[in-house]
A.B. asks: 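Shown below is the structure under consideration.
For the numbers below, each heavy atom of this structure counts, side chains included, while hydrogens, waters and symmetry mates do not. Within every chain, numbering begins at 1; the chains are lettered A, B, ... in the order of the sequence lines, protein sequences first and strands thereafter.
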There are 2 protein chains.
Amino acid sequence: MHKEHTLTKNQQIIFDLIDKSTEPMKAYSILFNVQKKGIKAPLQVYRALDKLVEIGKIHKIESRNAFIACHNSSCQVAKATAFSICEICEKVTEISSAGLSKYLANFKDKDGMKYSKYNLEFFGLCKKCR
Amino acid sequence: MHKEHTLTKNQQIIFDLIDKSTEPMKAYSILFNVQKKGIKAPLQVYRALDKLVEIGKIHKIESRNAFIACHNSSCQVAKATAFSICEICEKVTEISSAGLSKYLANFKDKDGMKYSKYNLEFFGLCKKCR
DNA sequence: ATATTTATGTTATATTATTACACAGCGTTA
DNA sequence: TAACGCTGTGTAATAATATAACATAAATAT
């Protein structure tokens, strides 16, 4: 079981914005959008983003420096993430595949080492862009 | 078979530096190190990095904004990369596992979509840091 | 109630990456 | 050879992403 995190005001504002967005949002675009709500400085945004990532409410798309809400209910901690990214329209989708998760969670390298966390980004063309 | 790419002067200087490094190098650290060789501006570095990534001589570690030389002879194009990253000492190792490559290259999502490229980053503690 | 931790607000600054423009070298081809 | 396309170079300026440092407030624990 996981502790339910009650979001603070800034965290809630920023999460709501990302959650409503149909595409990954960048930090300064988030900042621009929440300035009317009193969040004025980059650091306020980054602090909220850090926390939201930490508790698994959002994920960072590393190759794009952008953030999307997690829609995978089983993923309350940001320790195992996989995305597909369209190289034309930049649509990003979180991949939720039991097989893939299982394979990666159990993956051991040559030295028999297992890892506590991973991030996987697939690139290609989405249906629309083919 | 792949065309052999002859590196240009700037590309060669920057590749040599990254190749000799025991750890991933960041763009501005590269810049600092090659200034004595006449490469003075960030853009000169980024242009060389872009090309080196494109032809698979180096890879970008997205979560760290850093670059490492490819030591995987089979990987002449940057389309399928996997790394392990130690969260304490930041040691990065390229993972070369036939099983993993095969699994990911053949991975299809729910819609049966296959991808042309992927990047996977595993996080954990290396042997020394355990 | 006090200590501790977590979050906030603000200013300044560091770090990472790109735009825009001028020009040089090289192979093609007309 | 000259005109063209392509790739790479040099330089200055700037954009975009992220953090440091410091002061204060709110929430939680002892």
A.B. asks: Take atom NZ of A:Lys51 and atom C1' of C:dA7, then tell me their distance rounded to the nearest Å.
C.D. replies: 9 Å

A.B. asks: In whole Å, I'd like the distance from the CG atom of A:Leu7 to the P atom of C:dT8.
C.D. replies: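 So the two atoms are 10 Å apart, to the nearest Å.
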
A.B. asks: Could you walk me through whether A:His71 and A:Glu94 satisfy the side-chain hydrogen bond (donor to acceptor under 3.5 Å, both in side chains) test, starting with their C-alpha distance in whole Å, then the side-chain angles of each, then the deciding distance to 0.1 Å, before giving a yes or no?
C.D. replies: CA-CA 8 Å; A:His71 291 303; A:Glu94 187 166 0; over 6 Å; no

A.B. asks: Taking the six-membered ring for Trp and the full ring for Phe, Tyr or His, determine whether the centres of A:Phe107 and B:Phe122 are under 6.0 Å apart.
C.D. replies: yes

A.B. asks: If I take atom CG in residue B:Leu31 and atom C1' in nucleotide D:dA12, what distance separates them, rounded to the nearest angstrom?
C.D. replies: 14 Å

A.B. asks: Nearest-Å distance, CD (A:Glu62) to P (C:dA17)?
C.D. replies: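 Distance, rounded to whole Å: 12 Å.
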
A.B. asks: What's the closest nucleotide to the B:Gln11 side chain, out of D:dG8, C:dT18, D:dT11?
C.D. replies: D:dG8

A.B. asks: So which one's nearest nucleotide on DNA chain D is more toward 5', B:Gly38 or B:Asn65?
C.D. replies: B:Gly38

A.B. asks: Applying the 4.5 Å side-chain criterion to the ILVMFWY set and letting contacts propagate, would B:Ile14 and B:Tyr28 be lumped into a single cluster?
C.D. replies: yes

A.B. asks: Nearest to the B:Lys60 side chain among C:dT10, D:dG10, C:dA17, which nucleotide is it?
C.D. replies: C:dA17

A.B. asks: Measure CZ/A:Arg64 against P/D:dA16 and give the value in whole Å, please.
C.D. replies: 17 Å

A.B. asks: B:Pro42 side chain: which of C:dT18, D:dT11, D:dG10 is closest?
C.D. replies: C:dT18

A.B. asks: Can you check the B:Phe32 CZ to C:dA14 P distance for me, whole Å?
C.D. replies: 16 Å

A.B. asks: Backbone N or O of A:Phe15 within a donor-acceptor pair of the A:Asp19 side chain at under 3.5 Å?
C.D. replies: no

A.B. asks: Once you round it to whole Å, what is the distance between C1' of D:dT17 and CG of A:Asp50?
C.D. replies: 13 Å

A.B. asks: Quick one: is A:Lys40 getting a side-chain N or O under 4.0 Å of the C:dT10 phosphate, OP1 or OP2?
C.D. replies: yes

A.B. asks: To the nearest Å, give me how far apart CG (A:Leu43) and P (D:dT17) are.
C.D. replies: 16 Å

A.B. asks: Under a single-linkage definition using a 4.5 Å side-chain heavy-atom cutoff for Ile, Leu, Val, Met, Phe, Trp and Tyr, are B:Ile68 and B:Leu17 assigned to the same hydrophobic cluster?
C.D. replies: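 As far as the 4.5 Å side-chain criterion goes, B:Leu17 and B:Ile68 are not connected within one cluster.
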
A.B. asks: Contact class for A:Gln44 (heavy atom, under 4.0 Å): base, sugar-phosphate, or nothing?
C.D. replies: base

A.B. asks: Has the side chain of B:Tyr28 got a donor or acceptor that lies under 3.5 Å from a partner of the other kind on the base of C:dA14?
C.D. replies: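 Counting by modelled atom types and ignoring angles, no donor-acceptor contact under 3.5 Å is found here.
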
A.B. asks: Kindly say if A:Thr8 contacts the phosphate of C:dT6, meaning a side-chain N or O under 4.0 Å from OP1 or OP2.
C.D. replies: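 Answer no for this pair, as no side-chain N or O of A:Thr8 is under 4.0 Å from OP1 or OP2.
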
A.B. asks: Please tell me which of the listed nucleotides, D:dT17, C:dA17, C:dT8, lies nearest to the side chain of A:Lys26?
C.D. replies: D:dT17

